[in-house]
Amino acid sequence: MHKWNAVWISLRSYVSTTLLIALMTMVLKPFGLAFDLVNIALIYLLPVLFNAVFGGLRPAFYAAILGVLAFDFFFVPPVLSFTVSDLRYLVSFGVYLAVAALTASLAAKLKQQILFSKQREAHTAALYALSKQMSAIADIHSMLDNFSRQVSQTLDTEIAIYLADDQNTLKLAHESADLPDCRQENTEMSIAKRVFEHVETAGMEISRLNESPGYFIPLRTEDRTYGIIALYPNEARTGITAEQKRLFEALGGLAASAIARLRLAEEARIAHLTAESERLRTAILDSVSHELRTPLATIIGSATGLIEGGHIFSAEDRMELLVTIRDDALRMNRLVTNLLSMVQLESGMLRLRKNWCDVEDLIGVTLSQVKDFQQHRKLRTELPDDGPIMVLGDEVLLEQMLVNVVSNAIKYSPDYSEIVLSVKTGEAGVVISVSDTGIGLNEDEYDRIFEKFYRSTAAKQITGTGLGLAICKGIVELHEGTISAQPKEPRGTIVTITLPLNKQDDLLAAAEERGTTNHDHE
């Protein structure tokens with residue numbers, strides 16, 4: 001059935017031309033004596049022009065020859081005969097055929113140029129749309145998949161893409177789902193390697209590559225070749241046109257530019273991460289070395305004094321030295337705890353062990369832990385009178401978070417000042433505020449104090465690593481809460497922590513889970 005359809009399509013122009021000339025002859029024959037023969041010959045040029053525009057060059061030549069025969073047989077004396085009484089008509093026939101051939105050629109070329117123009121316009125639009133889509137993709141595998149799909153749908157061409165790895169070894173990175181059956185992987189890889197090594201386009205029209213149905217183009221920019229793209233047009237199995245070559249090379253250039261952009265972006269990202277890692281490493285070494293050296297020197301000096309001159313010191317002096325050793329050991333313990341907590345937060349290893357926690361108990365533990373170094377600062381709490389406030393969270397982490405915030409307030413507040421811890425409940429959840437009358441910050445620093453290793457210029461004279469509030473932010477976000485800082489009038493800072501206030505259903509579920517756990521434990 002398909003064979004007969006193809007035959008009919010190829011013969012349709014010739015059949016329609018024959019019927020048209022026969023109809024024209026039937027119409028013109030009764031008026032043959034009334035028209036000049038030159039006018040009749042010109043009328044027979046119409047099928048030639050019609051076929052040149054709509055049918056093609058060969059049907060146009062067929063129309064010209066059939067028109068000459070019909071004109072000679074029915075209108076040139078003697079009629080109904082192919083012989084001519086006047087040999088000058090032979091010259092007229094030759095001129096007619098020449099004019100018909102020239103007209104048909106010009107019309108066919110004009111039609112071809114229009115088709116080429118439309119095809120180039122469509123290709124340009126397709127390349128522009130493809131380039132616009134590829135510029136918005138940041139992943140190379142997604143880009144190759146989108147590129148392959150768009151080329152297959154728009155240009156009816158299947159593709160395979162080979163990319164070079166870090167060792168400059170060519171590997172198949174992506175291929176279309178409907179590649180030709182005659183394609184052999186080993187042969188295709190061999191051709192791709194040859195093209196990659198010589199950085200030259202090769203394909204179906206080259207005799208030494210006739211074993212492949214594909215057209216191979218190097219993916220190259222000005223300074224580097226990234227791989228090879230193999231294109232397999234579904235309608236061209238024996239060769240490709242010059243227009244297709246230009247289009248395929250444009251596709252190769254577009255793909256090479258996209259790959260170069262993504263590779264450069266990846267290299268820039270790695271360079272940024274490397275620089276950031278180096279900066280963090282330097283900051284950690286500087287902070288840790290300074291923070292550890294001072295208490296270690298104090299501990300060593302105090303311990304050495306107790307060992308070597310114990311008989312010289314009084315009981316009060318020995319107690320003072322022991323308190324100094326304890327305080328600096330606690331300081332080192334807080335530093336190590338913060339470092340370990342930051343490592344766990346950054347690596348995602350920190351997991352919450354959620355239980356119902358009484359906020360008043362959390363504050364009580366916090367006050368007991370900071371009591372040893374609060375010195376003469378006064379810590380005041382403001383708690384609601386409507387019963388205990390419960391939050392669902394990790395008790396140890398919440399205590400560490402509150403200790404860091406309160407310790408930070410103590411560190412940057414003057415002696416004999418007041419620090420207030422207040423607790424309120426609202427629609428947003430449980431709000432815990434820690435306010436001090438310390439040195440304060442510039443307006444643009446209240447958001448940055450929660451960044452790792454950031455320290456305000458106003459706090460350069462006070463020891464610290466810049467990790468405490470960063471850890472607080474990580475812990476609060478793990479509990480799906482928020483933490484922020486704002487200035488306090490007339491002086492100081494207020495740190496506000498908001499934790500979600502869980503519903504009664506969550507309380508019952510947690511209680512059931514705790515009961516199940518206890519039962520299993522027993």
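Numbers for residues simply follow the sequence, beginning at 1.
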Requested in this report: Given side chain to side chain contact (heavy atoms under 4.5 Å, CB included), test Val405 with Gln400 step by step and report yes or no.
Outcome: CA-CA 9 Å; Val405 174; Gln400 181 184 356; over 6 Å; no

Could you grab the distance from atom [atom1] of [X] to atom [atom2] of [Y], nearest 0.5 Å is fine?
X: Ile432; Y: Thr425; atom1: CD1; atom2: OG1; answer: 11.5 Å
X: Ile229; Y: Leu231; atom1: CD1; atom2: CG; answer: 4.5 Å
X: Ile410; Y: Leu379; atom1: CD1; atom2: CG; answer: 5.0 Å
X: Leu264; Y: Leu262; atom1: CG; atom2: CG; answer: 9.0 Å
X: Leu172; Y: Tyr162; atom1: CG; atom2: OH; answer: 5.5 Å
X: Asp361; Y: Leu398; atom1: CG; atom2: CG; answer: 12.0 Å

Are the side chains of [X] and [Y] in touch, meaning some heavy atoms are under 4.5 Å apart?
X: Leu383; Y: Ile363; result: yes
X: Arg194; Y: Ile191; result: yes
X: Ile483; Y: Phe450; result: yes
X: Asn404; Y: Leu469; result: no
X: Ile228; Y: Arg220; result: no
X: Val423; Y: Glu382; result: no
X: Thr225; Y: Leu219; result: no
X: Met401; Y: Ile471; result: no

Requested in this report: Tell me, please, which residues at least two apart from His272 pass ring pair (Phe, Tyr, Trp, His ring centres under 6.0 Å).
Outcome: none

Query raised in the report: Knowing that exactly one of Ile325, Leu321, Thr324 qualifies, which makes a side chain to side chain contact (heavy atoms under 4.5 Å, CB included) with Ile299?
Result: Ile325

Query - Single hit among Val430, Leu499, Leu362 for side chain to side chain contact (heavy atoms under 4.5 Å, CB included) with Ile389 - result: Val430

Taking only distance into account, with no hydrogens and no angle test, what donor-acceptor pairs under 3.5 Å do side-chain atoms of residues 413-422 form with protein atoms, sequence neighbours excluded?
| unit_1 | atom_1 | unit_2 | atom_2 | d |
| --- | --- | --- | --- | --- |
| Ser413 | OG | Ala409 | O | 2.5 |
| Asp415 | OD1 | His376 | N | 3.1 |
| Asp415 | OD2 | His376 | ND1 | 3.1 |
| Ser417 | OG | Pro414 | O | 2.6 |
| Glu418 | OE1 | Arg380 | NH2 | 3.4 |
| Glu418 | OE2 | Arg380 | NE | 2.9 |

Looking at every non-hydrogen atom in both residues, tell me the closest pair between [X] and [Y] and how far apart they are.
X: Ile449; Y: Tyr446; value: CG1-O, 3.5 Å
X: Ala230; Y: Phe216; value: CB-CE2, 3.6 Å
X: Cys357; Y: Gly393; value: SG-O, 3.5 Å
X: Ile159; Y: Ile161; value: CD1-CD1, 3.9 Å
X: Ser407; Y: Val403; value: OG-O, 2.6 Å
X: Lys193; Y: Leu170; value: N-CD2, 3.9 Å

Report task. Using the test side-chain hydrogen bond (donor to acceptor under 3.5 Å, both in side chains), find all partners of Asp317 that sit at least two apart in sequence or belong to another chain. Result -> Ser314

Query - Contact list for residues 394-403, test salt bridge (Lys or Arg N to Asp or Glu O under 4.0 Å), sequence neighbours left out - result: none

Query raised in the report: Is it true that atom NZ of Lys424 has more than 12 heavy atoms of other residues, nucleotides or ligands lying nearer than 6.0 Å?
Result: no

Query raised in the report: What pairs with Arg269 under salt bridge (Lys or Arg N to Asp or Glu O under 4.0 Å), at least two apart in sequence or on another chain?
Result: Glu266

Query raised in the report: What side chain to side chain donor-acceptor pair (under 3.5 Å) pairs are there with at least one residue in residues 482-500, not counting sequence neighbours?
Result: Gln486-Thr496

